[in-house]
Amino acid sequence: MLNLPNLLASLRILIAPIMFWIILNPSLFTDAGYHISWSYFAASLLFVLASVTDFFDGYIAREWNQMTMLGAIIDPLADKMLIIAAFLGLMMIGEASAWAIYIIIIRELFITGIRTVALSEGLDIKASFAGKVKTVVQMIAIGFLLMHWPFGTELLWLAVALTLYSGFEYLWGFRRALLVERSK
């Protein structure tokens, strides 16, 4: 079902490659006579816009009772596409550690696989508070790195630590839910 929350998630899916392209092609602005910082600003603006849709699609889905199976699938995928596009772009322009990005991407893919298995088993494993904090710290780190602000690298490594912690926490929750389901 295509409702407002799912449309907002779809908008994130569309924004991700545009933002990625802008990160990798700052000449779009410099060739037009603008300072390169306009490229950083444009990519950051798209990232913030997409990040805000992440908050609102979840809020609207819960408050208006518009949660759907499609939303349960595309919302986390849209989040991953946005985060991965930003981090890969930053890595490719030399603003982010390849190891940090590798760890984040592997965790995101692994947890997406676990989430898919959980859905197929009829298990409902909600994102934990640590997972929500991880996402916020990742988004803040991306913003700092895109704008070339101080402490962007430190925020990235904090995001890596939270990414690993929340991944283990999610895996533990999945294991527990699976054991409870099998004991019925």
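In this structure, L11 CG and L4 CG are separated by 10.5 Å, a value rounded to the nearest 0.5 Å. Between the CD atom in Q138 and the OG atom in S166 there is a gap of 7.5 Å [rounded to 0.5 Å]. Summarising the geometry, atom CG belonging to D57 is positioned 8.0 Å from atom CD1 belonging to I74; distances are rounded to the nearest 0.5 Å. In this structure, the separation between CG on D79 and CD1 on I13 is 9.5 Å, given to the nearest 0.5 Å. Rounded to the nearest 0.5 Å, atoms CG (L46) and CG (L14) are 11.5 Å apart. Note: T112 OG1 to I105 CD1 = 11.5 Å, rounded to the nearest 0.5 Å.
Within the 3.5 Å criterion, the main-chain N or O of A9 finds no donor-acceptor partner in the side chain of D75. Judged by distance alone, with hydrogens and angles left aside, the side-chain atoms of N25 form a donor-acceptor pair with the main-chain N or O of W21 at under 3.5 Å. A donor-acceptor pair is defined here as one N or O able to donate and one able to accept, closer than 3.5 Å; no such pair exists between the side chain of R107 and the backbone of L164. A donor-acceptor contact shorter than 3.5 Å is absent between the side chain of R175 and the backbone of L171.
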Hey, mind stepping through K134 and E108 against salt bridge (Lys or Arg N to Asp or Glu O under 4.0 Å) and telling me if it holds?
CA-CA 11 Å; K134 175 262 320 174; E108 298 299 346; 3.0 Å; yes
Might you work through the side chain to side chain contact (heavy atoms under 4.5 Å, CB included) test for L109 and K80, ending with a clear yes or no?
CA-CA 8 Å; L109 293 174; K80 306 305 180 245; over 6 Å; no
Go through L82 and M19 one step at a time and tell me if the side chain to side chain contact (heavy atoms under 4.5 Å, CB included) criterion holds.
CA-CA 9 Å; L82 180 66; M19 179 200 58; 3.9 Å; yes
Could you check T30 against S39 for side chain to side chain contact (heavy atoms under 4.5 Å, CB included), going step by step and ending with a plain yes or no?
CA-CA 8 Å; T30 56; S39 174; over 6 Å; no
Show your working on side chain to side chain contact (heavy atoms under 4.5 Å, CB included) between I36 and F29 and close with a plain yes or no.
CA-CA 6 Å; I36 194 166; F29 292 90; over 6 Å; no
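Note on W172: it does not cluster hydrophobically with I111, by side-chain heavy-atom contacts below 4.5 Å among ILVMFWY residues. M92 and L156 end up in the same hydrophobic cluster when Ile, Leu, Val, Met, Phe, Trp and Tyr side chains are linked at under 4.5 Å. At a threshold of 4.5 Å between side-chain heavy atoms, the hydrophobic network of Ile, Leu, Val, Met, Phe, Trp and Tyr places W38 and I18 in one connected group. The hydrophobic clustering, which links ILVMFWY residues whose side-chain heavy atoms are closer than 4.5 Å, places L146 and Y40 apart. There is a path of hydrophobic side-chain contacts, each under 4.5 Å, that joins L24 to F41.
Residues W99 and V160 fail the side-chain proximity criterion, which asks for heavy atoms closer than 4.5 Å. You'll find the side chain of L158 stays beyond 4.5 Å of the side chain of F151, heavy atoms only. Proximity of M67 to R62: side-chain heavy atoms (C-beta onward) are separated by under 4.5 Å at one or more points.
Considering all non-hydrogen atoms of both residues, M91 and A98 come closest at SD-CA, 3.5 Å. The shortest heavy-atom contact between L123 and A177 is CD2-O, 3.8 Å. Closest non-hydrogen pair, G143 versus S44, comes out as O-OG, 4.4 Å. Scanning both residues, F20 and G89, for their nearest heavy atoms gives CE1-N, 3.5 Å. Here the closest heavy-atom approach between residue S97 and residue W157 is recorded as OG-CZ2, 3.4 Å. The heavy-atom pair separating G152 from A141 by the smallest distance is O-CB, 4.5 Å.
Checking T53 against R12 by side-chain atom types alone, a donor-acceptor pair falls below 3.5 Å.
Around the CH2 atom of W64, the shell of radius 6.0 Å holds no more than 12 heavy atoms that belong to other residues, nucleotides or ligands.
For T68, the side-chain hydrogen bond (donor to acceptor under 3.5 Å, both in side chains) test picks out N6, with sequence neighbours left out.
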